[in-house]
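Chain naming here is simple, since letters A, B, ... match the order of the sequence lines and numbering starts at 1 in each. For clarity, every value in this text was computed on a predicted model and none was experimentally measured.
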There are 2 protein chains.
Amino acid sequence: MSLEYAILVSLQERAGSGYELARRFDKSIGYFWGASHQQIYRSLKRMVELGWVSADEVAQEKRPDKKVYRVSDSGTAELARWLAEPADPPTVRNELSVKIRGASYGEIEQVLAEVRRHRTLHAERRAVYQAIEQRDFPDRTRLSGQPLHQFLVLSGGIRTEQSMVDWCDEVIAALEADAGS
Amino acid sequence: MSLEYAILVSLQERAGSGYELARRFDKSIGYFWGASHQQIYRSLKRMVELGWVSADEVAQEKRPDKKVYRVSDSGTAELARWLAEPADPPTVRNELSVKIRGASYGEIEQVLAEVRRHRTLHAERRAVYQAIEQRDFPDRTRLSGQPLHQFLVLSGGIRTEQSMVDWCDEVIAALEADAGS
DNA sequence: AGCTTCATGTAAACTGTTACATGATTCC
DNA sequence: GGAATCATGTAACAGTTTACATGAAGCT
């Protein structure tokens, strides 16, 4: 159900169409909650039924019509209720770890190649987040309220990616040394 | 489908019953792949149908009968095939981040309380992993092969939890300072 | 002529969670 | 007498992924 709440937060920041929301989930919101356009359209439908959002049909020139969604009073209340509710961290599920743990039942070189590939992917994501940090929060000492919250989430993303890069480096070094001896 | 492969790795290390596997997913394997007993029984059934594992019925005294599963040749081959296959990192989905990003639409104190609770949970997990590290890998410099791979996965778990603890500390300090000003 | 962007959806397959269900033994 | 452990499953529901589906405008 969390996708609904991620959408509520995003629509609370700015009203928008399903398509626009899907774009946001490819970018800014994507670094803490990923979702495809199919999921978003389905969730919006449910949220309209629940009365959490209202949809205004907007006709556009030279573009297809779009429905602009905004959060209703009941949606605002529901978001506040959910924010106060505790939720445990999700179950750990790391496919790369399964492959490393099982490396001796396959070709270690191929697992190593996969770890190197992940190292690159995580370093790229970290670079993207750091670019956003530099662009949007140049003076991070005097942040307050909503911009502070946005910064803190971004900082978590950078920490997570950095931690993955460090771990991949440790794994690569250890497997290379083990293969060479 | 990854659960099947996590089970193959675990059964490759040692044959066992569904119940025993569920215990392992509560402990050692649990720190990189979580699964409930329901999922495990369902997967084992599928894996028998696929011919990846075979089940031997074992009668026990003063205990219910159990089925001991072991990996077949076809399962061994399938695991090796999967290990060589690339797989992208999973979609990021961090519920706590959604709550922090949306904090200004609810009671910040309650979100802060939730961050503090998560800080404790992650620190506890980290302590559990570090205890396993001290117990099972006292001399981590001379590890090789399977024990090395096990150590590297454990090290990833410690890094992840440490990174979450650090992030929670950053968030707590920032939100406290912002509330106090 | 073909690719990208805008714009919205449906449907099937797969994966994961929660609740229900049973029954014996062992420990306190 | 009651809780925990051993041992195995089914069923309903919720959520996610992948594939299919349509159609116009603008750019190269």
Pair B:Arg24 + B:Glu13, salt bridge at N-O below 4.0 Å: no
Salt-bridge contact A:Arg14-A:Glu20 (side-chain N to carboxylate O under 4.0 Å): no
Please determine whether a side-chain nitrogen or oxygen atom of [X] lies at a distance below 4.0 Å from atom OP1 or OP2 of [N].
X: B:Ser36; N: C:dT18; answer: no
X: A:Arg93; N: C:dT17; answer: yes
X: B:Lys45; N: D:dT10; answer: yes
X: B:Gln38; N: D:dG9; answer: no
X: B:Tyr19; N: D:dC6; answer: yes
X: B:Thr91; N: D:dT17; answer: yes

Residue list, side chain to side chain donor-acceptor pair (under 3.5 Å) with A:Glu4, at least two apart or on another chain: A:Arg46
B:Tyr19 six-ring centre to B:Arg23 NZ/CZ under 6.0 Å and within 45° of normal: yes
Spatial distance of atom CG (A:Asp26) from atom CG (A:Leu21) [nearest 0.5 Å]: 11.0 Å
Residue closer to the 5' end of DNA chain D, A:His37 versus B:Tyr41 (nearest nucleotide): B:Tyr41
Whole angstrom value for the distance that separates [atom2] of [N] from [atom1] of [X]:
X: A:Glu95; N: D:dT17; atom1: CD; atom2: C1'; answer: 14 Å
X: B:Leu21; N: D:dA7; atom1: CG; atom2: C1'; answer: 13 Å
X: B:Trp33; N: C:dT15; atom1: CH2; atom2: P; answer: 10 Å
X: B:Asp26; N: D:dA4; atom1: CG; atom2: C1'; answer: 14 Å
X: A:Glu57; N: C:dC6; atom1: CD; atom2: C1'; answer: 15 Å
X: B:Gln39; N: D:dG9; atom1: CD; atom2: P; answer: 16 Å
X: B:Ile7; N: C:dG16; atom1: CD1; atom2: P; answer: 11 Å
X: A:Leu50; N: D:dA14; atom1: CG; atom2: C1'; answer: 14 Å

N/O donor-acceptor pair, side chain B:Arg42 with base C:dG16, under 3.5 angstrom: yes
Selection from [options] that lies nearest to any side-chain heavy atom of [X]:
X: B:Ser17; options: C:dG9, D:dT8, C:dC6; value: D:dT8
X: B:Lys66; options: C:dT10, C:dT8, D:dA7; value: D:dA7
X: A:Arg46; options: D:dG9, D:dG15, D:dT8; value: D:dG15

Ring geometry between B:Phe151 and B:Phe137 (parallel below 30°, tilted from 30 to 60°, perpendicular above 60°): perpendicular
Axis bend over the full length of the helix from C:dA1-D:dT28 to C:dC28-D:dG1, computed from five pairs that close each end, to 10 degrees: 30°
Donor on one side chain, acceptor on other, B:Asp139 and B:Thr141, under 3.5 Å: yes
Test of ring centre spacing under 6.0 Å for A:Trp52 and A:Tyr5: yes
